[in-house]
Asks: 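I'd like to ask some things about the structure below.
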Amino acid sequence: MARLPDTYPIIRDVGLTAKLISFSDHFSESANRAALAYRAALKAQAVEGIIEAAATLASVFVRFDPLILSHDTLHSHLSAVLDSADWFTAPLPAGRKLWCIPTVIGGKHGPQFIEAAQAAGRDPDAARQDIAGARIRVLALGFAPGQPYMGQLSPAWDIPRMTQLNPQVPGASLVVAIRQLIIFAGPAPTGWRHIGQTAFNCFRPNSDTPVALTPGDEVTFRGITDDELDHIRATDPSGNGGATFEALP
Amino acid sequence: MSRALIIHRCGPGTTVQDMGRPGHLEQGLSVGGAADITALHEGAALLGQPASTAALELASLGGIFEATADTRIALTGAPMPATIAGDPVAWNASHMLHRGQRLTLGNATRGNYSYLHLGGGIATDLFLGSRSVHLVAHIGSPVADGDTLPLGMDAGTATGQTLDTTDRFSGATIRIIPSVQTIRFDANTLSRLETTNFTRDPRGNRMGARMSFDGAPFAAEGQLNILSEMVVPGDIQVTGDGTPFVLLGECQTTGGYPRIGTVIPPDIALVAQARAGDPLQFQFITRDQALAIHKAHLSQLAGLPGNTRALIRNPHDIRDLLSYQLISGAIAGTEETS
């Protein structure tokens with residue numbers, strides 16, 4: 001068996017036209033910070049042949065045209081940028097937002113909230129406060145357009161995904177697992193526990209800005225009642241679901 | 001009345017497609033676009049228009065179409081029996097569909113994805129630079145019986161053109177290169193990937209194609225502990241039960257399954273076009289070989305517009321042969337040549 005990579009960051013090929021720069025083989029705040037900062041640094045330097053650079057949980061994906069930019073040249077460039085800073089402690093990129101998203105936690109809109117709280121070893125009130133009081137980062141968007149993976153919650157929330165899938169959670173629902181929260185872009189099956197409901201539309205195909213969130217943005221949740229959720233749904237056509245945001249310094 | 005295509009009848013997977021929306025992976029949106037990009041290039045070449053022109057993609061099932069004005073069309077991709085006003089017309093060719101005439105397409109005889117190209121292209125609204133319907137992302141929706149699709153202005157006039165095409169509709173040997181987790185599979189497993197006779201499993205769509213095979217699962221080390229990262233069309237994910245699954249244009253943007261290899265870009269259409277039961281084999285090649293093939297393929301696509309030629313109709317197929325002016329226009333032999 002070939003030797004597995006044991007030192008990160010590492011640069012690997014993804015097929016013929018992309019490379020992946022991985023900062024860790026497991027999730028951590030610092031690896032996500034590194035991915036976000038490194039991706040911003042790449043974007044700041046226009047290199048002919050790089051078509052797209054995208055950050056995910058702990059890696060950066062670079063798509064390029066190998067007929068314009070050779071694999072070796074790109075590899076050297078990516079290595080040089082890696083060596084130019086300590087990305088694990090780098091400041092997060094500029095231009096981020098702090099969101100406040102109204103959310104019903106538990107009850108009929110969060111049918112697995114109690115079960116999730118139990119899995120986390122928290123009583124329901126403490127669990128509700130954990131979610132409502134959290135300030136977490138959009139770690140990556142994926143699975144569906146605009147769908148945010150947000151974290152990290154406190155270590156108690158390192159609860160596994162369920163082996164039996166939820167057949168379907170509603171669009172804009174809030175789900176939890178592995179110290180992360182997701183607002184689902186649309187109705188979908190999932191192994192994450194369904195603990196709440198927002199009116200936040202992750203993907204708006206009829207909008208000029210179809211994806212509101214950007215990796216690196218920070219998010220807080222404002223607890224609301226079922227009635228408030230209905231009111232927001234009826235009165236906010238923007239897709240923000242009553243959410244507000246401010247620029248982060 | 002503005003130019004439009006009327007869909008009298010079509011199958012459920014009929015969608016408007018172009019080259020898709022590259023560049024939005026970080027927002028969680030995969031490229032999408034035509035399942036067989038080569039067929040898009042071929043249709044565009046036949047009509048003398050840009051390869052980015054939107055066409056109608058038909059998923060195995062044909063349909064009945066009509067244009068509100070005389071409209072040039074081209075037919076490419078998975079071959080379907082085709083008639084205009086009841087007369088058989090050639091596949092891989094361009095034709096004139098006169099106003100009010102019906103174009104009838106039967107079900108694909110081989111392959112999965114057929115394309116109806118229209119002079120001027122389909123002129124539905126652009127979203128993020130593309131007209132492609134992306135079913136997984138809920139961008140647009142399939143066309144349905146009774147729909148009309150707006151058509152753009154057509155600057156061209158030529159019809160009756162054909163071109164030679166590669167056969168990509170019956171399975172093939174798919175060339176692959178190593179991917180991010182290839183080294184997580186042992187040598188024996190990698191060897192088995194190349195020697196196994198796969199067939200395309202019925203489970204598959206524009207997101208990806210599952211492989212069917214006899215034999216042991218393709219297990220990787222640390223199978224369940226891969227952090228989600230970007231995946232791309234062509235990646236061969238090995239799902240939890242050890243089955244290779246080739247990602248296609250509408251795949252999710254991220255995935256946590258190990259990738260045993262990646263199909264080189266020119267061969268992705270071969271996987272997309274293989275229908276259930278068609279044989280598929282995988283063959284590792286080197287990155288340099290893949291680059292050479294990729295380059296040659298792009299150059300072949302770029303050369304398509306220069307490779308069209310007049311369609312020679314078999315006189316036996318021309319029902320109204322005697323109505324044709326067979327003589328006029330021929331040269332007298334006394335013209336000056338210059």
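By convention in this document, chain letters (A, B, ...) are assigned in the order of the sequence lines, proteins followed by strands, and residues within each chain are numbered from 1.
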Asks: Pick one of side chain, backbone, both or neither for A/Ala53, based on which atoms fall under 4.5 Å of a heavy atom in chain B.
Replies: backbone
Asks: Can you say whether the rings of A/Tyr38 and A/Phe23 are parallel (under 30°), tilted (30 to 60°) or perpendicular (over 60°)?
Replies: perpendicular
Asks: Between A/Asn166 and A/Thr190, do the side chains contain an N or O donor and an N or O acceptor separated by less than 3.5 Å?
Replies: no
Asks: With a 3.5 Å cut-off and no angle check, do the side chains of B/Asp288 and B/Thr286 form a donor-acceptor pair?
Replies: no
Asks: Only pairs of heavy atoms separated by less than 4.5 Å count here; which of B/Leu190, B/Thr254, B/Ile176, B/Val180 has the most with chain A?
Replies: B/Val180
Asks: Please state whether the side chain, the backbone, both or neither of A/Phe203 comes within less than 4.5 Å of a heavy atom of chain B.
Replies: side chain
Asks: So which of B/Leu25, B/Val232, B/Val231, B/Ile177 has the biggest tally of heavy-atom pairs under 4.5 Å with chain A?
Replies: B/Leu25
Asks: Counting heavy-atom pairs closer than 4.5 Å to chain B, which one of A/Gln147, A/Lys19, A/Arg63 comes out on top?
Replies: A/Arg63
Asks: Using side-chain heavy atoms (C-beta onward) and a distance below 4.5 Å, is B/Ile122 in contact with B/Leu56?
Replies: yes
Asks: Does a donor on one side chain sit under 3.5 Å from an acceptor on the other, for A/Thr73 and A/Ser70?
Replies: yes
Asks: Quick check against the 3.5 Å criterion: does B/Gln273 have a side-chain atom that pairs as donor or acceptor with the backbone of B/Tyr113?
Replies: yes
Asks: Against chain A, label B/His134 side chain, backbone, both or neither, depending on which of its atoms sit under 4.5 Å from a heavy atom there.
Replies: neither
Asks: At a 4.5 Å cut-off on heavy atoms, which part of A/Pro148 comes close to chain B: side chain, backbone, both, or neither?
Replies: neither
Asks: Of the backbone (N, CA, C, O) and the side chain (C-beta and beyond), which part of A/Leu20 lies under 4.5 Å from a heavy atom of chain B, both, or neither?
Replies: side chain
Asks: Less than 4.5 Å to any heavy atom of chain B: does that hold for the side chain of A/Ala55, its backbone, both, or neither?
Replies: both
Asks: Parallel, tilted or perpendicular for A/Tyr149 and A/Trp192, by the 30°/60° rule?
Replies: perpendicular
Asks: Against chain A, work out which of B/Ala290, B/Pro22, B/Gly23, B/Ala137 has the most heavy-atom pairs shorter than 4.5 Å and name it.
Replies: B/Gly23
